[in-house]
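Sequential numbering from 1 along the given sequence is applied to the chain's residues.
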Amino acid sequence: MKHAFLIYENCCLYEVVILNYFLSITQQEMVFCSLDGKPVRAIEGYSINADMALHELEEKEISSFIIPGGDISKIDTKEIHTFLAELKSNGVLIAAICAGVDVLDHAGILTGIESTHSKEADLCNDNKVITARANAYVDFAIEVAKEFELFEDEADLQETIDFWKYHKYIP
């Protein structure tokens, strides 16, 4: 099963880079898809190569679908909304941060779901939908990683929180 990241022009790479790191070091299969399969430039200036176009994703092979924030104008479309609804109905974990949460809202994914749009919280996890505000990018990464049991045990989780969130030196 693959973790799919939707990348698009002016997406905020920093919001998902720690999650990408967690998935990478635990040998999770990841794919980066853009609307047309072509490279995109992130808001930070990085050029990111897509592995495939969105329509090439095999839905049955996706375990999570991650949407970073940024200028969502090109991805806040009926095509994406329909795709997200199909993923949700198939039980795929959907995670979005910052403006990516707006796409979920516009797609109707947040209806009846506790989210950062429905309550004052930096992070929400409800019914296989994870939403986060931009400042919660570390919590976002940890929450998605917890969903897929990427931590060896509680001590590993705590060490990760201490290091990434509280910047504690781990000898």
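Residues satisfying the side chain to side chain donor-acceptor pair (under 3.5 Å) test with K38, not counting sequence neighbours, are none. The salt bridge (charged side-chain N to carboxylate O under 4.0 Å, His left out) search around E143 returns K146, not counting sequence neighbours. Qualifying side chain to side chain donor-acceptor pair (under 3.5 Å) partners for S24, counting only residues two or more places apart in sequence or in other chains: none. Applying the side chain to side chain donor-acceptor pair (under 3.5 Å) test to D105 and every residue at least two apart in sequence or in another chain returns H117. Under the rule for a ring pair (Phe, Tyr, Trp, His ring centres under 6.0 Å), F163 has no partner lying at least two apart in sequence or in another chain. Qualifying side chain to side chain donor-acceptor pair (under 3.5 Å) partners for E154, counting only residues two or more places apart in sequence or in other chains: none.
Both Y137 and L93 belong to a single network of hydrophobic side chains, linked directly or stepwise wherever heavy atoms of I, L, V, M, F, W or Y lie under 4.5 Å apart. Linking ILVMFWY side-chain heavy atoms closer than 4.5 Å, directly or via other members, places F5 and I43 in two distinct hydrophobic clusters. When the side chains of ILVMFWY residues are joined at heavy-atom separations under 4.5 Å, either directly or via intervening members, I75 and I48 end up in two distinct hydrophobic clusters. V40 and I66 fall within the same hydrophobic cluster, defined by Ile, Leu, Val, Met, Phe, Trp and Tyr side-chain heavy atoms under 4.5 Å apart, directly or through other members. No continuous path of hydrophobic side-chain contacts links M52 to M30 [ILVMFWY only; heavy atoms under 4.5 Å].
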Step-by-step ring-ring contact (aromatic ring centres under 6.0 Å, His included) determination, H3 to F148: CA-CA 10 Å; H3 300 278; F148 290 99; 4.6 Å; yes
Audit row: D76, H81, side-chain hydrogen bond (donor to acceptor under 3.5 Å, both in side chains) steps and yes/no: CA-CA 7 Å; D76 198 15; H81 298 168; 2.7 Å; yes
Assess whether side-chain contact (heavy atoms from CB on, under 4.5 Å) is satisfied between K78 and H106, documenting all intermediate values. CA-CA 9 Å; K78 181 136 181 85; H106 300 160; over 6 Å; no
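With hydrogens and angles disregarded, a donor-acceptor distance shorter than 3.5 Å links the side chain of E9 to the backbone of R41. S118 places a side-chain N or O within 3.5 Å of a backbone atom of S115 that can act as its donor or acceptor partner. Between the side chain of D51 and the main chain of F32, a donor-acceptor pair closer than 3.5 Å is present. Between the side chain of E61 and the backbone N or O of E58, no donor-acceptor pair lies under 3.5 Å. In this structure, K168 contributes its side chain and D162 its backbone to no donor-acceptor pair below 3.5 Å. A side-chain donor-acceptor contact under 3.5 Å links D153 to the backbone of A155.
The shortest non-hydrogen separation linking E15 to F140 is O-CD2, 4.0 Å. Nearest heavy-atom pair, G69 versus C98, reported as atom, atom and distance to 0.1 Å: CA-CB, 3.9 Å. Nearest approach of K74 to T77, heavy atoms of both residues: O-CG2, 3.5 Å. Considering every non-hydrogen atom in both A99 and G70, the closest pair reads CB-O, 3.5 Å. I72 and G100 make their closest contact through CG2-N, 4.2 Å (heavy atoms, listed as atom of the first residue, atom of the second, distance). Considering every non-hydrogen atom in both A96 and L104, the closest pair reads CB-CD1, 3.5 Å.
Within the 4.5 Å cutoff, the side chain of E59 has heavy atoms near those of the E86 side chain. Between I67 and L84, some side-chain heavy-atom pair lies under the 4.5 Å cut-off. Two residues are said to be in side-chain contact when any heavy atoms from C-beta on lie closer than 4.5 Å; T26 and F151 fail this criterion. Put simply, the side chain of M1 does not reach to within 4.5 Å of the side chain of I62, judged on heavy atoms. Between V144 and I130 the shortest side-chain heavy-atom distance falls below 4.5 Å. When side chains are defined from C-beta on, K128 does not count as touching V92, because their heavy atoms never get closer than 4.5 Å. Contact of the E44 side chain with the C12 side chain is registered, since non-hydrogen atoms from C-beta on lie closer than 4.5 Å. Within the 4.5 Å cutoff, the side chain of L6 has heavy atoms near those of the I80 side chain.
Taken to the nearest 0.5 Å, the OH atom of Y46 stands 12.5 Å off from the SG atom of C11. Annotation: the span from I142 atom CD1 to L150 atom CG amounts to 11.5 Å, rounded to 0.5 Å. Atom OH of Y8 is separated from atom OG of S34 by 12.5 Å, given to the nearest 0.5 angstrom. Within the model, atoms CD of E79 and CG of L35 stand 6.0 Å from one another, a figure rounded to the nearest 0.5 Å. Between L123 atom CG and D139 atom CG the span is 6.0 Å, to the nearest 0.5 Å. To the nearest 0.5 Å, atoms OG (S63) and NZ (K2) are separated by 10.5 Å.
Shown are N20, L19, V16, I7; of these, the side chain to side chain contact (heavy atoms under 4.5 Å, CB included) with P68 is made only by V16. For the side chain to side chain contact (heavy atoms under 4.5 Å, CB included) with T131, the qualifying choice from I97, I94, V101 is V101, the only one to do so.
Between W164 and Y21, the distance from one ring center to the other falls under 6.0 angstrom.
Residue E152 qualifies as open at atom CD: its count of foreign heavy atoms under 6.0 Å is 12 or below.
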